[in-house]
Peer 1: 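Submitted below is the structure of interest, expressed as structure tokens.
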Amino acid sequence: MPAPRTVLLTGAAGGLGTLMRDLLPAYGYELRLLDLRPIEGEPDAIVADLGDREALREAVRGVDAIIHLAGISLEAPFEKILRANIEGTYNLYEAAHEEGVGRIVFASSNHAVGFTPRPRGDDPLIPIDAPRRPDTFYGLSKCFGEDLAQLYWDKHGLETVSVRIGSCFPEPTSVRMLSVWMSPADGARLFHAALTAENVEHTVVHGSSANTRLWWDLTTARSLGYDPQDDSEPYAEKLIAEQGELDPENIAHAYLGGHFVSDPPIWPY
Ligand code: NAI
Ligand code: 15L
């Protein structure tokens with residue numbers, strides 16, 4: 001596949017979309033933006049719902065690749081998750097297939113495997129082939145997205161890199177995040193690698209920086225050419241002073257998914 005140049009960024013008005021709008025053009029991409037909400041200062045952004053198949057078909061026409069961030073990004077009632085994340089992602093894949101788009105980078109989440117116990121002591125890092133253990137309907141929708149990606153590769157030759165993102169924010173804000181944080185700059189590095197690596201078929205990778213307190217294995221992400229440059233450790237002393245170390249008796253500190261595993265999930269995490 002020739003290196004993509006024109007990339008559709010769905011969810012462009014969101015937190016991660018906003019960070020990527022700033023960072024990805026430096027890699028030479030021309031971004032076409034799409035979101036349910038208008039974006040200030042971006043009059044050309046496409047305002048469309050993932051439920052609108054005609055709008056999606058038009059939005060994907062002529063792009064070389066798609067970064068799919070749009071959807072509900074936290075736990076929500078199943079019906080809402082169904083519409084935005086499950087049907088919406090299906091609609092996007094159908095449109096991409098119909099218009100001949102070669103590659104999608106799918107924003108999956110650590111919550112697809114959120115009930116995986118976090119490593120303690122000398123435990124090995126969580127491998128990329130750990131069994132699915134969604135911690136929410138939200139996490140379940142990410143499992144669906146990953147399986148949808150596999151289907152469209154096997155049946156139609158549409159490639160995807162599913163990035164199980166940890167926590168991509170300007171700074172880590174919790175002790176848990178020290179282990180799963182992905183700096184925005186590393187996020188852009190990983191998306192760039194996912195867009196340009198050869199023959200990815202459908203590859204699932206963990207998405208985080210090279211944190212000292214890392215919980216999961218980054219080998220598959222690195223195999224795409226991803227070379228993370230950041231580490232959450234400079235934030236550790238302050239966060240631990242404020243919040244304390246993770247408590248082994250607290251269920252929300254026991255699993256990869258943090259507070260998403262509690263019922264109902266507790267915010268903030
Ligand atoms: P966000 O909630 O800030 O942004 C999501 C965007 O999607 C919003 O701008 C929203 O308007 C748009 N959207 C929602 N439903 C839509 C629909 N039906 N049609 C069109 N647009 C719709 O979320 P954030 O943090 O930017 O995350 C982006 C993606 O990355 C999400 O898919 C999220 O699940 C995933 N992710 C993010 C992580 C993070 O640390 N930020 C961690 C793991 C996964
Ligand atoms: C996610 O999947 C969410 O979209 C994001 O808002 C964070 O909560 C992140 O996971 C996390 O686990 O920190």
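As a basis for the values below, the full set of heavy atoms in this structure was taken, side chains included, without hydrogen atoms, waters or symmetry mates.
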Peer 1: For S109 and A112, indicate whether the former's side chain and the latter's backbone hold a donor-acceptor pair under 3.5 Å.
Peer 2: no
Peer 1: Stepwise, does the side-chain contact (heavy atoms from CB on, under 4.5 Å) test hold for F106 with I66?
Peer 2: CA-CA 8 Å; F106 170 57; I66 299 169; over 6 Å; no
Peer 1: Does the side chain of R21 pick up a donor-acceptor pair with the side chain of T18 at under 3.5 Å?
Peer 2: yes
Peer 1: Roughly how far apart are N199 CG and E159 CD, rounded to 0.5 Å?
Peer 2: 6.5 Å
Peer 1: How about CZ on F137, more than 12 heavy atoms from neighbouring residues, nucleotides or ligands closer than 6.0 Å, or not?
Peer 2: no
Peer 1: Are the side chain of E75 and the backbone N or O of T136 linked by a donor-acceptor pair below 3.5 Å?
Peer 2: no
Peer 1: Under the criterion side-chain contact (heavy atoms from CB on, under 4.5 Å), I'd like the reasoning laid out for I165 against L16: C-alpha separation, chi angles, the key distance, then a yes or no.
Peer 2: CA-CA 11 Å; I165 303 168; L16 191 48; 3.7 Å; yes
Peer 1: So do N211 and S179 actually touch side chain to side chain, heavy atoms under 4.5 Å?
Peer 2: no
Peer 1: Can you see which heavy atom on A252 is nearest to which on V261, and at what distance?
Peer 2: CA-CG2, 4.3 Å
Peer 1: Is there side-chain contact between V7 and R32, with heavy atoms separated by less than 4.5 Å?
Peer 2: no
Peer 1: For a 4.5 angstrom cut-off between non-hydrogen side-chain atoms, does L178 reach E233?
Peer 2: no
Peer 1: Do any N or O atoms from the side chain of R5 and from the backbone of G28 form a donor-acceptor pair under 3.5 angstrom?
Peer 2: yes
Peer 1: Say you draw a straight line from OH of Y27 to OG1 of T196; how long is it, rounded to the nearest 0.5 Å?
Peer 2: 10.0 Å
Peer 1: Please indicate whether Q229 has more than 12 foreign heavy atoms, meaning atoms of other residues, nucleotides or ligands, lying under 6.0 Å from its CD.
Peer 2: yes
Peer 1: L69, Y90: one ILVMFWY side-chain cluster at the under-4.5 Å cut-off?
Peer 2: no
Peer 1: May I ask whether Y226 and L19 are part of the same hydrophobic cluster, defined by side-chain heavy atoms of I, L, V, M, F, W, Y residues being less than 4.5 angstrom apart, directly or through others?
Peer 2: yes
Peer 1: Do side-chain atoms of E54 reach the backbone of D52 as a donor and acceptor pair under 3.5 angstrom?
Peer 2: no
Peer 1: Without swapping roles, check the side chain of R83 against the backbone of G51 for a donor-acceptor pair under 3.5 Å.
Peer 2: no
Peer 1: Nearest 0.5 Å, please: how far is CZ in F144 from CD in E87?
Peer 2: 9.0 Å
Peer 1: Out of the candidates F169, Y235, W215, only one should pair with W181 under the ring pair (Phe, Tyr, Trp, His ring centres under 6.0 Å) rule; please name it.
Peer 2: Y235
Peer 1: Can you confirm whether H192 sits close enough to Y29 that some side-chain heavy atom of one is under 4.5 Å from a side-chain heavy atom of the other?
Peer 2: yes
Peer 1: Can you tell me if S108 and E146 form a side-chain donor-acceptor pair at under 3.5 Å?
Peer 2: yes
Peer 1: Please determine, by modelled atom types, if H206 and T220 share a side-chain donor-acceptor pair under 3.5 angstrom.
Peer 2: no
Peer 1: Which heavy atom of L34 sits nearest to which heavy atom of A48, and what is that distance?
Peer 2: CD2-O, 3.9 Å
Peer 1: Is it possible for you to say whether I39 and L36 belong to one hydrophobic cluster, with membership spreading through side-chain heavy-atom contacts below 4.5 Å?
Peer 2: no
Peer 1: Would you say T212 and D231 are linked by a side-chain donor-acceptor pair, where the criterion is simply a distance under 3.5 Å?
Peer 2: yes
Peer 1: Is there a side-chain contact between L195 and I67 in this structure, where contact means two heavy atoms from C-beta onward sitting under 4.5 Å apart?
Peer 2: yes
Peer 1: Mark yes or no for whether S209, through its side chain, and S183, through its backbone, hold a donor-acceptor pair below 3.5 Å.
Peer 2: yes
Peer 1: Check the hydrophobic clustering (I, L, V, M, F, W, Y; side-chain heavy atoms under 4.5 Å; chains of links allowed) and say if V200 and L24 are grouped together.
Peer 2: yes
Peer 1: Extract all donor-acceptor atom pairs below 3.5 Å that involve side chains of residues 113-122 and protein atoms in other chains or at least two apart in sequence.
Peer 2:
residue, atom, partner, partner atom, Å
T116, OG1, V113, O, 2.7
R118, NE, H253, O, 2.5

Peer 1: At what distance, to the nearest 0.5 angstrom, does CZ of R61 lie from CD of E98?
Peer 2: 9.5 Å
Peer 1: Can you name the closest pair of heavy atoms from A96 and I104 and give their distance?
Peer 2: CB-CD1, 3.9 Å
Peer 1: Going by atom types alone, do Y93 and T160 pair a side-chain donor with an acceptor below 3.5 Å?
Peer 2: yes
Peer 1: Assess whether atom CD of E58 is packed by more than 12 heavy atoms of other residues, nucleotides or ligands within 6.0 Å.
Peer 2: no
Peer 1: Can you give me the closest heavy-atom contact between R176 and S167, atom names plus distance?
Peer 2: NH1-OG, 3.8 Å
Peer 1: For L74 versus I81, what's the shortest heavy-atom pair and its separation?
Peer 2: O-CD1, 3.9 Å
Peer 1: If I compare all heavy atoms of G207 with all of W216, which pair ends up nearest, and what's the gap?
Peer 2: O-CZ2, 3.5 Å
Peer 1: Before giving the answer on side-chain contact (heavy atoms from CB on, under 4.5 Å), spell out for V205 and R164 the whole-Å C-alpha distance, their side-chain angles and the decisive distance to 0.1 Å.
Peer 2: CA-CA 6 Å; V205 302; R164 286 185 186 158; over 6 Å; no
Peer 1: Going hydrophobic residue to hydrophobic residue with side-chain gaps under 4.5 angstrom, can you get from V163 over to I128?
Peer 2: no
Peer 1: Tell me, with the steps shown, if S232 and M177 meet side-chain contact (heavy atoms from CB on, under 4.5 Å).
Peer 2: CA-CA 8 Å; S232 61; M177 269 198 209; over 6 Å; no
Peer 1: Could you give the distance from CG (L9) to CG (L33), rounded to the nearest 0.5 Å?
Peer 2: 6.0 Å
Peer 1: At what distance, to the nearest 0.5 angstrom, does CG of D35 lie from CG of L50?
Peer 2: 8.5 Å
Peer 1: Has R189 got a side-chain atom pairing as donor or acceptor with P228's backbone, closer than 3.5 angstrom?
Peer 2: no
Peer 1: Salt bridge (charged side-chain N to carboxylate O under 4.0 Å, His left out), that's the test. Do E94 and R53 meet it? Break it down for me.
Peer 2: CA-CA 9 Å; E94 263 305 284; R53 292 189 188 191; over 6 Å; no
